[in-house]
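For reference, the structure discussed in these notes is given below.
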Amino acid sequence: MTKSTMQLKISNRLHVIRAEHRITQDQLAKEIGVTRATIVAIEGGGYNPSLELAFRLARYFKTDINAIFSVEEENVNEKN
Amino acid sequence: MKKIDSALLKFFIYGLPLIILLAIFSYSYDLQAFPPTSDYLITLYNFAGIMLALWMLLSIYLCARLMFSGSFREKVLTRLTFIKERDEREVMFTGKAAKTSMLTTLAILIFLFCLSCFQVSVYSIPPDKAIDGKTKVIALDLKFKLLESLPSDAAQETVQKEILLAYTGLPISSSAVILGLIMWQIVAYNYSMRRLMK
């Protein structure tokens with residue numbers, strides 16, 4: 001029996017915005033106060049940052065948080 | 001207090017090679033059979049004894065500090081276990097790795113507890129004492145003692161039996177079990193952390 005559930009998928013445009021600002025992952029990491037691995041993980045979609053870090057990124061790029069992060073709904077079929 | 005602790009910790013760490021050398025020396029050289037004769041050797045022997053006593057006293061003090069002082073524990077044990085919390089992602093992974101380490105350690109402890117409680121012995125008894133014509137016996141037992149006691153002079157069994165197989169608790173010493181668990185904690189944490197960081 002399969003059960004359909006709604007899940008929220010958070011995606012981001014961080015690599016695009018970073019490229020627009022011509023800043024490297026290392027530089028951004030130092031400016032924001034995280035490791036480069038965290039920036040790599042966020043850009044790859046492997047890690048969703050905390051609300052605080054998301055706001056810090058938005059503030060650094062002088063933009064709205066929604067310009068970097070977006071939420072999509074997706075149906076996930078789970079087998080019982 | 002921090003400066004004193006730091007100095008004592010350095011003394012402890014730098015004294016460690018000396019203690020290892022002393023241990024190797026006392027293992028390879030039998031002082032009972034060949035007692036030191038020259039004044040120089042006697043002085044050296046006494047100095048080594050005082051150093052060992054001081055180092056043991058220091059170990060107990062530092063262990064107590066590790067248990068009761070949060071900041072000291074954080075400073076020393078995070079270095080020993082290679083814990084890195086440079087940003088929020090690493091803090092989150094540290095939590096996950098610590099959970100994995102804690103649960104696997106708990107599973108091992110439960111397993112070791114079972115092994116220490118269970119007793120199994122297989123033995124054969126003389127034909128005149130056979131039960132339903134069977135001379136081979138399997139005895140299962142559960143043992144739990146709060147305190148380790150000296151072997152008592154319990155009444156010796158009168159039935160002569162030939163023990164074929166006997167398991168009476170863990171064959172490893174308690175010190176080896178504790179050391180193994182310490183090593184396991186560090187290895188399990190670092191292994192989980194590496195997997196999460198990939």
Side-chain angles (χ1 to χ4, degrees), chain A residues 5 7-72 74 76 78, chain B residues 1-3 5-6 9-10 13 62 65-66 69-108 110 181-198:
Chain A
T5 53
Q7 276 193 349
L8 294 178
K9 189 190 170 196
I10 299 167
S11 52
N12 69 78
R13 297 176 60 248
L14 185 61
H15 65 289
V16 178
I17 294 168
R18 189 174 54 77
E20 284 170 1
H21 283 76
R22 294 175 188 277
I23 184 170
T24 63
Q25 287 175 332
D26 203 35
Q27 284 172 320
L28 178 62
K30 277 176 187 161
E31 292 289 339
I32 299 297
V34 294
T35 59
R36 188 178 154 266
T38 299
I39 300 295
V40 173
I42 294 169
E43 288 186 359
Y47 174 66
N48 290 325
S50 68
L51 206 53
E52 188 195 333
L53 181 55
F55 272 110
R56 259 193 281 160
L57 284 164
R59 186 172 285 182
Y60 177 76
F61 289 117
K62 295 184 180 70
T63 184
D64 190 68
I65 198 164
N66 288 312
I68 307 174
F69 297 97
S70 56
V71 181
E72 295 160 26
E74 63 175 17
V76 178
E78 288 175 353
Chain B
M1 199 70 183
K2 277 182 183 176
K3 280 185 181 175
D5 279 344
S6 181
L9 194 64
K10 275 180 188 165
I13 293 165
L62 290 174
R65 287 287 291 158
L66 281 178
S69 166
S71 58
F72 186 66
R73 185 169 54 230
E74 184 96 7
K75 187 185 160 192
V76 176
L77 292 186
T78 47
R79 277 190 196 174
L80 277 176
T81 51
F82 313 108
I83 291 176
K84 282 180 188 170
E85 289 179 320
R86 291 170 296 180
D87 62 11
E88 61 170 48
R89 183 169 151 270
E90 286 188 352
V91 170
M92 191 184 83
F93 287 164
T94 298
K96 283 185 179 177
K99 183 187 169 190
T100 308
S101 166
M102 186 265 192
L103 291 180
T104 51
T105 307
L106 192 61
I108 291 170
I110 293 167
L181 284 168
I182 292 169
M183 298 301 283
W184 172 257
Q185 278 268 305
I186 297 169
V187 169
Y189 168 80
N190 281 287
Y191 177 71
S192 321
M193 198 66 182
R194 278 195 178 194
R195 279 190 65 182
L196 289 164
M197 293 285 268
K198 274 184 184 172

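Letters A, B, ... mirror the listed sequences (proteins, then strands); counts begin at 1. Quick caveat, the model's predicted, so the values are computed rather than measured. Keep in mind that the numbers below use all heavy atoms, side chains included, and drop hydrogens, waters and symmetry copies.
Per-residue heavy-atom pair counts under 4.5 Å with chain B were compared for A:L53, A:I42, A:T35, A:V34, and the maximum is reached by A:T35. The residue among A:A37, A:A41, A:G46 with the most heavy atom pairs within less than 4.5 Å of chain B is A:A37.
Looking at B:M92, only its side chain comes within 4.5 Å of chain A, counting heavy atoms on both sides.
If you take CZ on B:R86 and OG1 on A:T38, they are separated by 8.0 Å, rounding to the nearest 0.5 Å.
By the neighbour-count criterion of 12 heavy atoms within 6.0 Å, atom CE of B:M197 is densely surrounded, having more than that number from other residues, nucleotides or ligands. Atom CZ of B:R195 is surrounded by 12 or fewer heavy atoms from other residues, nucleotides or ligands within 6.0 Å.
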